[in-house]
Protein chains: 2
Amino acid sequence: MVTLSEENYLKAIYHLGKQGRVAVSTNAIAEKIDSKASSVTDMIKKLAEKNLANYIKYQGVTLTESGRLAAALVIRKHRLWEVFLVEKLNFSWDEVHDVAEQLEHIKSLKLVNELDALLGFPTHDPHGDPIPDKDGNYAPIKSVNILEVKPGNEGVLAQVKDSSDVFLRYLNKNNLALGDTIKVIDFEPFDNSLTIETASQKMIISSEVAKNLYISL
Amino acid sequence: MVTLSEENYLKAIYHLGKQGRVAVSTNAIAEKIDSKASSVTDMIKKLAEKNLANYIKYQGVTLTESGRLAAALVIRKHRLWEVFLVEKLNFSWDEVHDVAEQLEHIKSLKLVNELDALLGFPTHDPHGDPIPDKDGNYAPIKSVNILEVKPGNEGVLAQVKDSSDVFLRYLNKNNLALGDTIKVIDFEPFDNSLTIETASQKMIISSEVAKNLYISL
DNA sequence: TTTAGTTTTTAGTCTTATCTAAAAATATTT
DNA sequence: AAATATTTTTAGATAAGACTAAAAACTAAA
Ligand SMILES: [Mn+2]
Ligand SMILES: [Mn+2]
Ligand SMILES: [Mn+2]
Ligand SMILES: [Mn+2]
């Protein structure tokens with residue numbers, strides 16, 4: 001049995017350390033889940049005890065095979081629920097994350113897999129993030145950060161790395177949505193801002209915004 | 001904020017005490033939620049502190065108006081989720097209760113109300129239990145226990161009072177389902193068993209079973 | 001109306017998941 | 001290679017929710 005809190009730690013380690021394959025620092029985890037380093041140390045020990053994590057004092061933590069699978073299944077549930085909320089319950093993409101944070105902890109294999117079927121086995125969630133299958137696998141991501149696109153080139157907005165409501169509402173306000181074609185017009189070295197052009201407008205986005213936009217070419 | 005544990009106590013008091021209007025004993029609650037009387041006393045105090053319950057030492061507990069509403073909303077969620085699982089995710093009526101026990105604690109008003117709409121505003125769950133509306137109200141129940149039906153009379157199976165998988169699987173095995181027309185043939189005073197007849201068969205049911213079957217005439 | 005039995009409450013302990021403050025280990029600078 | 005700074009771990013505390021055992025309050029029987 002994996003507790004709700006343990007699941008959240010597994011997710012954090014998975015996300016911070018390339019699916020838990022690269023050692024993650026205590027502080028990084030604490031920052032991610034908004035807790036303290038001492039709490040993280042305690043929990044990591046517990047995860048190691050349960051064979052979900054590999055832990056060597058002072059050297060960070062990675063996930064074991066079963067830890068990685070457990071994390072992927074939580075993420076699978078999170079993303080499937082997000083799709084459900086948008087596709088079936090009229091939520092917009094900026095409203096789903098917090099509810100999915102709760103729903104991802106519901107325990108029932110049948111529930112997840114039937115939900116998957118109901119939704120037509122989606123491969124991506126409303127933010128463009130890939131949905132792991134039953135074995136925790138998903139197709140490699142081919143989208144690239146917009147800051148790496150050379151001025152003059154264009155692509156389709158495929159993924160946003162920040163799922164917070166503030167960020168997504170910024171995009172709503174500025175008429176930017178997944179699937180939009182975006183052309184990079186200019187890069188400004190002074191503040192790393194970007195001038196982009198969509199079907200409806202030309203605009204400048206800050207580097208904080210640009211960091212979170214991923215395009216497929 | 002009402003915690004998951006508090007919600008479970010509210011539900012228990014609501015069910016045991018005519019929607020929390022009749023005083024419920026510490027022991028009865030302990031029995032219902034499979035805990036100990038001392039734990040119940042502690043929690044009752046907390047509920048009273050939060051103005052969800054009325055508590056006088058040694059005299060049991062009732063719910064306040066806001067306690068009653070909170071309880072009804074948890075029950076509303078529980079039953080809506082049960083309908084969802086059966087109608088949309090191919091669960092059978094004996095598989096839904098345990099998952100609904102988890103889902104009933106998800107916090108999102110929009111989620112509940114959109115779910116309600118998706119399901120077409122159902123009035124009853126898969127076990128025939130009424131679904132409270134947003135204000136916690138539901139139509140009065142008109143079904144009657146089968147033990148009160150005089151031999152020779154018949155009615156439609158409208159509600160089962162036990163939602164456990166063991167009981168529901170017993171009904172499955174014996175081809176009894178909500179909506180079936182049941183005729184009472186005979187009552188046996190020796191053990192309070194009942195002979196009943198459905199479209200497909202004639203059978204004897206024990207009083208333990210009969211106690212849980214409610215019919216509308 | 002005492003006495004005996006039952007129910008409820010209190011007192012004290014435990015577990016899980018947190019936290020703060022201090023100690024220990026590792027990293028980075030001079 | 002010291003000295004300093006940063007990170008991580010340990011030690012000790014706290015809050016929620018549960019438990020056992022014992023005390024207190026009610027209820028029923030004699
Ligand atoms: Mn999310
Ligand atoms: Mn997402
Ligand atoms: Mn149920
Ligand atoms: Mn039910």
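Each chain gets a letter, A, B and so on, in the order its sequence line appears, and its residues count up from 1. Since we're looking at a predicted model, the values are computed, not measured.
- Using a 4.0 Å cut-off, some side-chain N or O of B/Tyr55 falls inside it from OP1 or OP2 of C/dT9.
- Nearer the 5' end of DNA chain C, as judged by each residue's closest nucleotide, is the contact made by B/Ala37, out of B/Ala37 and A/Tyr9.
- Listed candidates were C/dA25, D/dC26, D/dC19. Nearest to the side chain of B/Tyr58 is D/dC26.
- The shortest distance between the side-chain N/O atoms of A/Lys57 and the OP1/OP2 oxygens of D/dT10 is below 4.0 Å.
- Residue A/Thr41 is classed as a base contact, given a heavy-atom separation below 4.0 Å to a base.
- Taking all atoms of both residues into account, the shortest heavy-atom contact from B/Arg76 to B/Pro132 is NH1-O, 3.0 Å.
- In this structure, A/Gln59 atom CD and C/dA25 atom P are separated by 14 Å, rounded to whole Å.
- The CD1 atom of A/Ile33 sits 8 Å away from the P atom of C/dC19 (whole-angstrom rounding).
- A/Asp129 and A/His78 share no side-chain donor-acceptor pair at under 3.5 Å.
- For the pair A/Lys45 and A/Tyr55, the cation-pi criterion (under 6.0 Å, within 45° of the ring axis) is not fulfilled.
- Between the side chains of B/Asn27 and B/Ser25, no donor-acceptor pair is found at a separation under 3.5 Å.
- B/Ser38 comes within 4.0 angstrom of a base, heavy atoms only.
- Residues from residues 18-32 of chain B that place a heavy atom under 4.0 Å from any atom of DNA chain D: there are none.
- The side chain of B/Lys45 places no N or O atom within less than 4.0 Å of a non-bridging phosphate oxygen (OP1 or OP2) of C/dT9.
- Distance, A/Met43 CE to C/dC19 P: 11 Å, rounded to whole Å.
- Taking a cutoff of 4.0 Å between a charged side-chain nitrogen and a carboxylate oxygen, B/Lys107 and A/Glu101 do not qualify as a salt bridge.
- Every residue was checked against the salt bridge (Lys or Arg N to Asp or Glu O under 4.0 Å) condition with B/Lys57, not counting sequence neighbours, and none meets it.
- Rounded to an integer number of Å, the gap from NZ of B/Lys36 to C1' of C/dT13 is 15 Å.
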